[in-house]
Number of protein chains: 2
Amino acid sequence: MTEPERSGCPINLTLEVVGDKWSLLVIRDMMFGNRRHFRELLTKSDEGISSNILADRLKRLLEQGIITREDDPSHKQKGIYSLTEQGIELLPILAQMSAWGYKYLPVTEELGIRARLLSEGGPKMWAEFMDELREAHVGVKRRKKTGPSVGERLQAAYQKVMAKKASNRI
Amino acid sequence: MTEPERSGCPINLTLEVVGDKWSLLVIRDMMFGNRRHFRELLTKSDEGISSNILADRLKRLLEQGIITREDDPSHKQKGIYSLTEQGIELLPILAQMSAWGYKYLPVTEELGIRARLLSEGGPKMWAEFMDELREAHVGVKRRKKTGPSVGERLQAAYQKVMAKKASNRI
DNA sequence: TACAACCAGTTGCAATTTGCAAGCAGTCTG
DNA sequence: CAGACTGCTTGCAAATTGCAACTGGTTGTA
């Protein structure tokens, strides 16, 4: 069950936990896409993860303490997945990956806009977003709430680009 | 040759380039361990990469423009691998992974010390280290050189912990 | 109360990727 | 000229991935 670690290097250990092609995408969707149910993660992902892989990754992330699962009171079969503090703190890794990909890889416009805002916002914006995630996932109330949240701002920017694209296509 | 991308999301694209269990470890060894030759990367890595995997990863990193390869003038068969600017800018991702692993995973003392220093040093220290890497890999001279370099400081801290461990074992 | 749609997964199987060990041709060293 | 060293390559078994179909249950609707 517990496979032996290759080394005690922090980078290696992190890679052993989230160093595959899907785990961080699942976490990304939970963070930026508000996906909390199995079906949402399965069908609303841009990359099209298959159900067995998703089930396996969720199980591993659960075992690692990166997410939790609880029953949805509104539906007996639904489970709600939440990020733990440990999971929320993966955000800086995702933010850095996002910035690097935005700079060097062929990112589409609509998916790049979030990367740009997040990069321009810097660690301060990340911290604010992590506070919002703590509120949504761990139930920790945050203090100051002035203006739209980071999540809302990212979403609004994405919608705006999508709307522009749609109008161009007509 | 060019496999189709799953999506134009920057995080996904980054994961398609370095989102496997070995690529970032190779880059880590080039950055923090001064490994520049095939054999060095093969034998001096804590995790024990096998030669076919290493050859494949180096090839892919070359194709992606993250590293370059040139002949070693001192030995006709030796190649020297260098990080490109694009490769050097992976450092913040490694630094964040290092910090996360240090915080949440069972990191050994001697391998954790670098993580701690790098985390405490923050983005400013990362930028300084990246400048040192630019000098060593891309040949860009850096300006101010006051005191020991970040690379030297990390190495010295590591040696110190190792020395302590050795003396304890006697 | 029947029925379709939806829920979280599981199962079977083929294709790909990984990991180990051995091997290889050329190069340098004593 | 022998032996060690160079950057890889090859063969093969084991593990992982990905697709598609399927399961057993729940929920909303007529």
| task | May I ask you to say whether Arg28(B) pairs ionically with Glu47(B), meaning some side-chain N is under 4.0 Å from a carboxylate O? | result | yes
| Whole angstrom value for the distance that separates C1' of dC7(C) from CD of Glu70(A) | 17 Å
| request: Whole angstrom is fine here: how far is it from CG in Leu25(B) over to P in dG19(C)? | output: 11 Å
| request: Classify the side chain of Ser50(A) versus the base of dT17(D) as yes if they form a donor-acceptor pair under 3.5 Å and no if they do not. | output: no
| Do the side chain of Asn52(B) and the base of dG19(C) come within less than 3.5 angstrom through a donor-acceptor pair of N or O atoms? | yes
| query | Without hydrogens or angle criteria, can the side chains of Arg60(A) and Ser23(A) be said to hold a donor-acceptor pair below 3.5 Å? | reply | no
| field | Whole-Å gap separating C1' (dT17(D)) and CD (Glu47(A)) | value | 16 Å
| said: Below the 4.0 Å mark, does dT17(D) have OP1 or OP2 next to a side-chain nitrogen or oxygen of Arg57(A)? | reply: yes
| What is the distance, rounded to the nearest whole Å, between atom CD1 of Ile80(B) and atom P of dT6(D)? | 13 Å
| Quick one: do Glu109(B) and Lys164(B) make a salt bridge, cutoff under 4.0 Å? | yes
| request: Just compare dT9(D), dA8(C), dT27(D) and give me whichever is closest to any side-chain atom of Lys76(A). | output: dT27(D)
| query | Between Lys21(A) (NZ) and dG18(D) (P), how many Å, whole number? | reply | 9 Å
| request: Output yes when at least one side-chain N/O atom of Arg69(B) is less than 4.0 Å from OP1 or OP2 of dC8(D), else no. | output: yes
| task | Indicate, yes or no, whether a donor-acceptor pair under 3.5 Å links the base of dG7(D) to the side chain of Gln77(B). | result | no
| request: Could you check which of dA22(C), dA21(D), dT17(D) has an atom nearest any side-chain atom of Ile53(A)? | output: dT17(D)
| Would you say dG18(D) has OP1 or OP2 under 4.0 Å from some side-chain N or O of Trp22(A)? | yes
| query | Where each residue is assigned the nucleotide of DNA chain D containing its nearest heavy atom, which of His75(A) and Tyr81(B) is assigned the position nearer the 5′ end? | reply | Tyr81(B)
| Can you tell me how far C1' of dT16(D) sits from CG of Asp20(B), to the nearest Å? | 14 Å
| More than 12 foreign heavy atoms under 6.0 Å from NZ of Lys165(B): is that the case here? | yes
| Closest-nucleotide ordering on DNA chain C, the 5'-leading residue of Leu42(A) and Ile49(B) | Leu42(A)
| said: The side chain of Lys78(B) is closest to which nucleotide in this list: dC7(C), dA20(D), dG7(D)? | reply: dG7(D)
| note | DNA chain C nearest-nucleotide lookup for Leu58(A) and Pro73(B): closer to the 5′ end is Leu58(A)
| task | Mind calculating the distance between NZ (Lys59(B)) and C1' (dT9(D)) to the nearest angstrom? | result | 11 Å
| task | State plainly whether the residues Glu135(B) and Lys141(B) are in salt-bridge range, i.e. N to O under 4.0 Å. | result | yes
| request: Starting at atom CG of Leu61(A), determine the distance to atom P of dA8(C), rounded to an integer number of angstrom. | output: 16 Å
